[in-house]
Amino acid sequence: DLHLSIRRQRQMCIRDSWRSQHPFFNAVLRMSLHLPHKLLLIKGKVLIHWLSPQDLDTQPGFFRDSVNKLLPSEQTAAITPINELISIGATFSPPNDSLGLIYHSSRCGSTLLCQMLKQHPEVLTIGEAAIIGQVLNHPELEHAERILALKGIFSSFLQWAQSKNKRLIFKLSSWQIKHSKLIAEALPSVPSLLLFREPEPVLESLIRKSPSWLTQCVDRKYPTQEKLLSEAIRIYCEYVHYGSEMTTAPSIAFVDYDRLDDALPAILKHFNTATDSEILERMYAQRNFDAKRRGREESSPSTIAPFSTYQ
């Protein structure tokens with residue numbers, strides 16, 4: 001029944017007279033909270049897959065894990081043309097007091113920072129929602145449409161956060177630092193933070209447990225440590241380059257991972273969020289857990305070989 005329901009929704013979406021014949025979904029999106037989850041391309045039409053956040057668990061470090069915890073029947077609220085998202089973005093004026101962004105290079109502690117921020121009762125933190133990357137990379141979108149679609153995404157998530165009386169802090173994926181100028185065009189004056197880390201621990205982590213985006217850049221049959229390390233160094237340097245271009249942005253703050261604990265009060269202030277010693281203690285306690293694991297088990301000591309081994 002679920003598959004038939006989704007199929008019927010898709011069939012309705014691709015009709016030329018969809019808007020006039022099926023205004024129901026438009027009304028649903030405007031009357032209640034829905035979150036844009038992913039883009040669909042059906043018969044040449046760009047569609048948005050929406051979900052209801054009613055039963056969404058925000059504790060996992062990544063938004064995809066929050067969605068995967070939903071029952072299949074809860075993962076589809078509506079499917080609409082992308083114009084619905086663009087129209088939401090067209091009326092959105094990004095606030096600078098209730099929305100914030102986190103940029104980072106991979107394996108620099110950004111997921112840990114997100115888990116720390118989740119302990120604050122006034123903050124809703126979203127980790128790497130896939131739809132942002134899909135909008136940034138979709139070849140069918142013009143520049144103006146891309147800007148408005150991005151604004152529509154943040155508007156929808158911010159509306160959800162405000163319904164909970166919380167500020168919204170969005171952690172972007174590491175590669176999206178390359179699109180920081182485009183994102184800043186969509187969200188001017190929104191406070192942003194760039195979390196960085198010295199290269200040695202970043203590269204060690206990437207070699208110890210290589211992510212799929214790294215192994216895809218080398219020979220997947222023979223991903224030797226030397227090839228992985230060379231590609232990891234190239235990507236790290238690329239991120240540093242794009243990060244250095246952000247230094248002139250008026251609303252950007254730079255935080256060194258090695259000083260993350262000391263910087264927490266300043267980070268909260270940068271995101272216009274008050275705190276106290278009890279909240280800070282709960283945030284600091286997140287260092288005792290593995291931020292990337294769904295079960296949040298206590299972390300174990302690393303057994304990675306010294307960086308000089310790979311040199």
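Between Ile252 and Leu193 the shortest side-chain heavy-atom distance does not fall below 4.5 Å. Counting heavy atoms from C-beta outward, Tyr239 and Val202 have side chains that stay 4.5 Å or more apart. By the 4.5 Å heavy-atom criterion applied to side chains, Leu39 and Val135 are counted as neighbours. With contacts defined as side-chain heavy-atom distances shorter than 4.5 Å, the pair Glu84/Ile48 does not qualify. Within the 4.5 Å cutoff, the side chain of Trp213 has heavy atoms near those of the Ile235 side chain. Side-chain contact between Gln286 and Lys118: absent, with no pair of heavy atoms (C-beta onward) separated by less than 4.5 Å. Counting heavy atoms from C-beta on, the side chains of Lys171 and Leu117 never come closer than 4.5 Å. Looking at Ile131 and Leu35, their side chains never come closer than 4.5 Å, going by heavy atoms from C-beta outward.
Panel note: side chain Ser251, backbone Ser192; no donor-acceptor pair is recorded below 3.5 Å. Side-chain atoms of Ser156 come within 3.5 Å of backbone atoms of Gly152 as a donor-acceptor pair (strictly under, hydrogens ignored). Judged by distance alone, the side chain of Gln119 and the main-chain N or O of Gln115 form a donor-acceptor pair under 3.5 Å. At least one donor-acceptor pair under 3.5 Å links the side chain of His120 to the backbone N or O of Ala274. Looking at Ser180, its side chain does come within 3.5 Å of a backbone N or O of Ile177 through a donor-acceptor pair. Proximity of a side-chain donor or acceptor of Ser230 to a complementary backbone N or O of Glu226 within less than 3.5 Å is not detected. Proximity of a side-chain donor or acceptor of Arg167 to a complementary backbone N or O of Asp97 within less than 3.5 Å is detected. Counting only distance, with no hydrogens or angles, the side chain of Arg197 and the backbone of Ser105 share no donor-acceptor pair below 3.5 Å. Of the possible donor and acceptor atoms, none in the side chain of Ser173 sits under 3.5 Å from a partner among the backbone N and O of Gln176. Looking only at distances, no side-chain donor or acceptor of Asn272 sits under 3.5 Å from a matching main-chain atom of Ser98.
Between Phe92 and Phe154, the distance from one ring center to the other does not fall under 6.0 angstrom.
Between Arg259 and Asp256 there is a salt bridge, since at least one side-chain N of the basic residue sits less than 4.0 Å from a carboxylate O of the acidic one.
Expressed to the nearest 0.5 Å, how far NE2 of His49 lies from CG of Leu40 amounts to 6.5 Å. The structure places CE of Met283 at 6.5 Å from CG of Leu280, a figure rounded to the nearest 0.5 Å. Atom-to-atom distance recorded for Arg234:CZ and Leu214:CG is 9.5 Å, nearest 0.5 angstrom. With rounding to the nearest 0.5 Å, the separation of CG in Leu56 from OG1 in Thr58 is 7.0 Å. Here the straight-line distance linking atom CD1 of Ile169 with atom CG of Leu113 works out to 8.0 Å at 0.5 Å rounding. Taken to the nearest 0.5 Å, the CG atom of Leu85 stands 7.5 Å off from the OG1 atom of Thr80.
Here the shortest heavy-atom pairing between Cys108 and Tyr257 reads O-CD1, 3.2 Å. Of all heavy-atom pairs spanning Pro36 and Trp50, the tightest one is N-CE3, 3.6 Å. Between Ala129 and Phe170, the closest heavy-atom pair is CB-CE2, 3.8 Å. Here the shortest heavy-atom pairing between Phe271 and Gly100 reads CE2-CA, 3.7 Å. Contact detail for Leu172 and His104: the closest heavy-atom pair is O-NE2, 2.6 Å. Residue Leu99 comes nearest to Val190 through the heavy atom pair O-CG1, 3.4 Å, listed as atom of the first residue, atom of the second, then distance.
Residue-environment remark: CD (Gln54) stays at or below the threshold of 12 foreign heavy atoms within 6.0 Å.
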Check against salt bridge (charged side-chain N to carboxylate O under 4.0 Å, His left out), Arg282 and Glu278: CA-CA 7 Å; Arg282 291 205 302 268; Glu278 182 179 347; 3.6 Å; yes
Can you check side-chain contact (heavy atoms from CB on, under 4.5 Å) on Arg287 and Asp261, steps first, answer last? CA-CA 10 Å; Arg287 281 196 174 277; Asp261 286 357; 2.9 Å; yes
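For the residue pair Thr275 and Lys269, no side-chain donor N or O sits within less than 3.5 Å of a side-chain acceptor on the partner.
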